[in-house]
Amino acid sequence: MNNREVAHTFVTIADMLAIRGDNIHRVLAYRRAAEAIQDLGQDINQVSAAGKLTDIPGIGQTLADKINEMLTTGHLAFYDKLAQEIPPSLVELLRVDGIGPKRARQLYDTLGVTNLDELAQAARAGKLRELPKMGAKSEAKLIKAIAELEKHGDERTPLGTAWPLAHEMLTALASISGVTKTAVAGSARRMRETVHDIDLLIAADDAAPVMDAFVNLPQVESVSGQGPTKASVTLVNGLQVDLRVLPADRWGTLLLYFTGSKAHNVHLRELALKQGFSLNEYGFTPTDGRAEILCATEEEAYQTLGLPYILPTLREDRGEIEAALANNLPDVIRIEQIISDLHMHTTWSDGKLSVLDMARAAQEHGRQYIAITDHSASLGIAHGLTVERLRQQAEEIHQANERLGPDFRILHGTEVEIKADGTLDYPDEVLAELDFVIAALHVSLKQPREQMTQRILNAIHNPHVDMIAHPTGRLIGERPPADLDMEAILQAAAQTGTILELNANPHRLDLKDIYVRRAMELGVKIAINTDAHNADQFDLLHFGVGTAQRGWATAVNVVNTWPLAQLLAWLREKS
DNA sequence: TAGTAGTGACTAACATTTGCCCACAAATG
């Protein structure tokens with residue numbers, strides 16, 4: 001079993017326990033453990049083999065035993081026992097908007113509903129309205145919610161899809177008279193790779209006109225809730241959008257609350273209580289009856305708790321509050337520190353612009369040097385370069401450098417294919433002619449773990465290979481990551497000085513945040529590149545920087561912050 | 001259930017809005 005499967009079992013157990021009505025702390029313990037396993041950045045099997053499971057925060061002896069049982073037998077007796085009381089399929093009901101553990105229990109006890117299909121049947125048969133604390137309205141609402149779930153599912157949306165949509169809506173609302181501040185909050189602001197919904201915030205003294213405009217936006221399909229300060233809508237593509245409106249003098253605590261994460265908020269509010277405040281989105285209320293403290297900025301809110309400002313991308317309750325308390329927050333990478341881009345394509349392969357045009361676009365986007373890294377021959381679909389064309393390209397790059405002058409530099413690179421048999425698409429003597437060599441996987445991504453891993457390890461151990469691009473090959477929401485022993489790859493990268501890419505394209509974000517964090521622990525250098533195929537794709541950089549921040553990456557470990565001479569020196573030193 | 005203190009017991013996750021039925025469940029971060 002892998003991390004995802006173990007975590008999923010624990011989440012299901014948590015749901016079953018919640019439906020059964022168990023002690024909330026017991027439920028939370030399973031949820032916390034599931035989260036910790038998902039965020040681990042290491043293979044749970046390896047951690048288990050090393051006997052280090054209880055080192056994971058939130059995992060004690062009881063859960064460690066359960067994990068070991070799952071990993072060795074593939075089963076969990078506790079799960080099977082629980083399943084006799086609460087059918088695991090009952091957990092499906094919780095996916096329906098409007099059904100929580102209590103309702104699920106009630107539906108099971110009174111109507112014998114055990115899964116989503118049976119719930120839909122019971123609802124359509126008009127059986128729900130007869131239940132206590134239910135009525136015709138609740139029934140109709142659930143029927144609609146079930147239909148919505150069947151139509152759009154409840155998959156999370158890639159950040160790259162949600163981001164432009166969120167800003168489009170926000171721009172429309174920003175022009176309403178009386179609006180003084182606007183923000184995209186929630187997981188999009190934290191730059192999670194996928195979002196469950198879009199959270200918008202607006203500062204205005206009078207909320208009503210904003211609410212009104214919001215629910216009437218052209219993207220809106222239906223309104224699921226509308227009160228004086230809060231409204232929720234569903235868009236035509238199924239995505240939910242929440243809006244909160246408050247006066248500007250409460251902006252700091254409002255933004256803090258709505259940005260989350262939930263776990264970060266809970267932790268902050270506990271901290272506030274210990275310091276004699278109740279903290280909510282409206283402000284700090286001293287528990288001894290003194291006057292309320294309003295914060296117009298997030299900085300003021302953190303300051304009130306005696307904390308330095310914590311970037312949104314760090315707010316996951318993965319140790320950032322403890323670090324802030326110790327005045328030991330990581331000095332994470334900022335976008336203005338990035339001066340290079342080491343992965344991009346031109347018309348030589350599947351890019352849209354010439355070498356010179358890409359260089360000029362990069363320069364306009366603030367980069368001081370770049371690597372042109374077109375595909376190699378075997379990637380026919382991308383018009384990969386033969387050795388002969390690669391050498392012709394060298395000449396063009398030389399000429400472009402002459403035209404651009406001393407303030408900018410183009411490195412000649414390649415994105416050489418790691419072929420299905422684990423060999424590289426160019427011979428070593430050709431790679432030796434290049435300034436910067438990226439190796440990457442694009443084909444045969446479904447090989448078994450050992451074979452996949454070995455292909456990357458081969459590339460890492462080739463002295464000519466400087467970087468591995470988008471290591472897992474995943475496309476968020478479309479293609480799963482290749483099955484890789486990431487720990488072995490990270491260790492090998494650390495040992496050889498091979499750079500691992502954090503591909504900034506929001507549909508890749510590969511390395512993902514948890515592996516970035518593991519890379520930092522191991523001293524692996526990363527590169528945040530756009531993989532641009534056109535000029536406007538240089539703008540994708542901020543997604544990569546956000547993901548790097550989520551992995552607590554610092555500038556010294558991000559090679560794109562290095563002056564060219566430093567990068568070249570590093571590459572020369574590399575074994 | 002984890003964590004802590006101490007080997008069996010105790011504590012521990014905050015604060016709000018909305019809808020719908022008539023007090024509460026579910027939802028939001």
Side-chain angles (χ1 to χ4, degrees), chain A residues 10 13-14 17-19 21-36 53-67 78 93-107 128-129 131-142 145 183-190 192 195-201 207 211 223-232 240-246 250 253-274 277-285 287 312 315-317:
Chain A
F10 278 173
I13 288 173
L17 290 172
I19 292 170
D22 266 58
N23 180 310
I24 182 66
H25 295 106
R26 196 179 186 199
V27 175
L28 289 170
Y30 279 96
R31 285 201 204 293
R32 224 178 0 247
E35 188 110 334
L53 285 175
T54 53
D55 288 359
I56 301 169
I59 295 188
Q61 198 51 55
T62 313
L63 289 180
D65 290 345
K66 288 187 167 67
I67 293 169
F78 175 66
L93 267 55
L94 304 178
R95 294 166 58 200
V96 179
D97 212 23
I99 296 187
K102 298 263 168 58
R103 279 262 194 276
R105 179 77 206 234
Q106 180 193 29
L107 291 163
L128 302 189
R129 68 183 74 177
L131 299 177
K133 292 178 186 171
M134 294 278 285
K137 274 192 170 173
S138 295
E139 187 180 82
K141 226 180 141 179
L142 285 182
V184 174
S187 44
R189 184 164 182 245
R190 301 199 312 277
R192 271 193 70 164
V195 303
H196 170 255
D197 63 5
I198 291 175
D199 300 301
L200 301 180
L201 270 190
M211 291 295 182
V223 180
S224 48
Q226 188 179 2
T229 66
K230 182 182 170 182
S232 294
Q240 183 179 322
V241 185
D242 298 327
L243 172 71
R244 207 60 202 273
V245 184
L246 285 185
R250 300 178 187 272
T253 43
L254 175 63
L255 189 54
L256 188 64
Y257 156 69
F258 222 34
T259 298
S261 65
K262 179 179 173 179
H264 181 87
N265 286 351
V266 169
H267 199 152
L268 283 187
R269 289 173 180 200
E270 283 172 26
L271 204 60
L273 278 179
K274 282 183 197 147
F277 301 106
S278 172
L279 168 60
N280 60 28
E281 57 267 47
Y282 295 93
F284 289 85
T285 308
T287 43
R315 300 181 197 168
E316 296 291 347
D317 199 26

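A quick note: this is a predicted structure, and the numbers were derived from the prediction, not measured. Throughout, protein chains are lettered first and strands after them, A, B, ... in sequence-line order, and every chain is numbered starting at 1.
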Value in whole Å for how far the [atom2] atom of [N] lies from [atom1] of [X]:
X: A/His267; N: B/dA15; atom1: NE2; atom2: P; value: 14 Å
X: A/Leu268; N: B/dA15; atom1: CG; atom2: C1'; value: 13 Å
X: A/Lys274; N: B/dA13; atom1: NZ; atom2: C1'; value: 11 Å
X: A/Leu17; N: B/dA13; atom1: CG; atom2: C1'; value: 17 Å
X: A/Arg250; N: B/dT16; atom1: CZ; atom2: P; value: 12 Å
X: A/His264; N: B/dC14; atom1: NE2; atom2: C1'; value: 13 Å
X: A/Leu142; N: B/dC20; atom1: CG; atom2: P; value: 10 Å

Of all the heavy-atom pairs spanning [X] and [Y], show the shortest one and how long it is.
X: A/Pro228; Y: A/Ala207; answer: O-CB, 3.4 Å
X: A/His196; Y: A/Ser187; answer: N-OG, 4.3 Å
X: A/Glu316; Y: A/Arg190; answer: OE2-NE, 2.8 Å
X: A/Thr287; Y: A/Ser278; answer: CG2-N, 4.3 Å

Self-check item: Pairing residues for A/Phe258 by the ring pair (Phe, Tyr, Trp, His ring centres under 6.0 Å) criterion, not counting sequence neighbours
Solution: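 Ring pair (Phe, Tyr, Trp, His ring centres under 6.0 Å) list for A/Phe258, sorted by chain: empty.
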
Quiz item: Can you name the ring pair (Phe, Tyr, Trp, His ring centres under 6.0 Å) partners of A/Tyr282, sequence neighbours left out?
Solution: none

Quiz item: In Å, rounded to the nearest 0.5 Å, how long is the span from CG of A/Asp65 to OG1 of A/Thr54?
Solution: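 If I round to the nearest 0.5 Å, the distance is 9.5 Å.
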
Practice problem: Please check the phosphate of B/dT17 (OP1 and OP2 only) for any side-chain N or O of A/Tyr282 closer than 4.0 Å. | Solution: yes

Expressed as a whole number of Å, how far does the [atom1] atom of [N] sit from that of [M]?
N: B/dA9; M: B/dC14; atom1: P; value: 25 Å
N: B/dA2; M: B/dA13; atom1: P; value: 16 Å
N: B/dC22; M: B/dG29; atom1: C1'; value: 29 Å
N: B/dC10; M: B/dT16; atom1: P; value: 31 Å
N: B/dC20; M: B/dA15; atom1: P; value: 28 Å
N: B/dT18; M: B/dT11; atom1: C1'; value: 32 Å
N: B/dA12; M: B/dT17; atom1: P; value: 26 Å

Quiz item: Between A/Pro132 and A/Leu273, which has a closest nucleotide on DNA chain B that is more 5'?
Solution: A/Leu273

Self-check item: Under 4.0 Å protein heavy-atom contacts per nucleotide of nucleotides 23-29 of chain B, with B for base, S for backbone only and - for none
Solution: -SSSSBB

Practice problem: Just call it for A/Ile24: base, sugar-phosphate, or nothing, with non-hydrogen atoms closer than 4.0 Å on any strand. | Solution: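 It contacts nothing in the nucleic acid.
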
Exercise. Would you classify A/Leu28 as touching base, sugar-phosphate or nothing, given that sugar-phosphate means primed atoms plus P, OP1 and OP2, and contacts are heavy atoms under 4.0 Å?
Key: base

Check whether [X] reaches the backbone of [Y] with its side chain - one donor and one acceptor, N or O, closer than 3.5 Å.
X: A/Glu139; Y: A/Arg129; answer: yes
X: A/Ser261; Y: A/Arg315; answer: yes
X: A/Asn265; Y: A/Tyr257; answer: yes

Quiz prompt | Derivation and outcome, side-chain contact (heavy atoms from CB on, under 4.5 Å), residues A/Leu131 and A/Leu107 | solution = CA-CA 9 Å; A/Leu131 299 177; A/Leu107 291 163; 3.8 Å; yes

Quiz item: Can you pull the salt bridge (Lys or Arg N to Asp or Glu O under 4.0 Å) pairs that have at least one residue in residues 255-272 of chain A, sequence neighbours excluded?
Solution: A/Arg269-A/Glu281

Practice problem: Please work out the stems of DNA chain B from pairs that are Watson-Crick or G-U wobble with both distances under 3.5 Å, keeping only runs of three or more consecutive pairs. | Solution: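 Output for stems: B:1-4 with B:9-12, B:14-19 with B:24-29.
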
What protein N or O atoms touch nucleotides 3-10 of chain B N or O atoms at under 3.5 angstrom, if any, and at what distances?
from	atom 1	to	atom 2	distance (Å)
B/dG3	OP1	A/Gly58	N	3.1

Quiz item: What is the ring orientation for A/Phe277 with A/Phe284, classed by angle as parallel under 30°, tilted 30 to 60°, or perpendicular over 60°?
Solution: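 Correct class here is perpendicular.
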
Self-check item: Closest to the A/Lys141 side chain, choosing from B/dG19, B/dT18, B/dC21
Solution: B/dG19

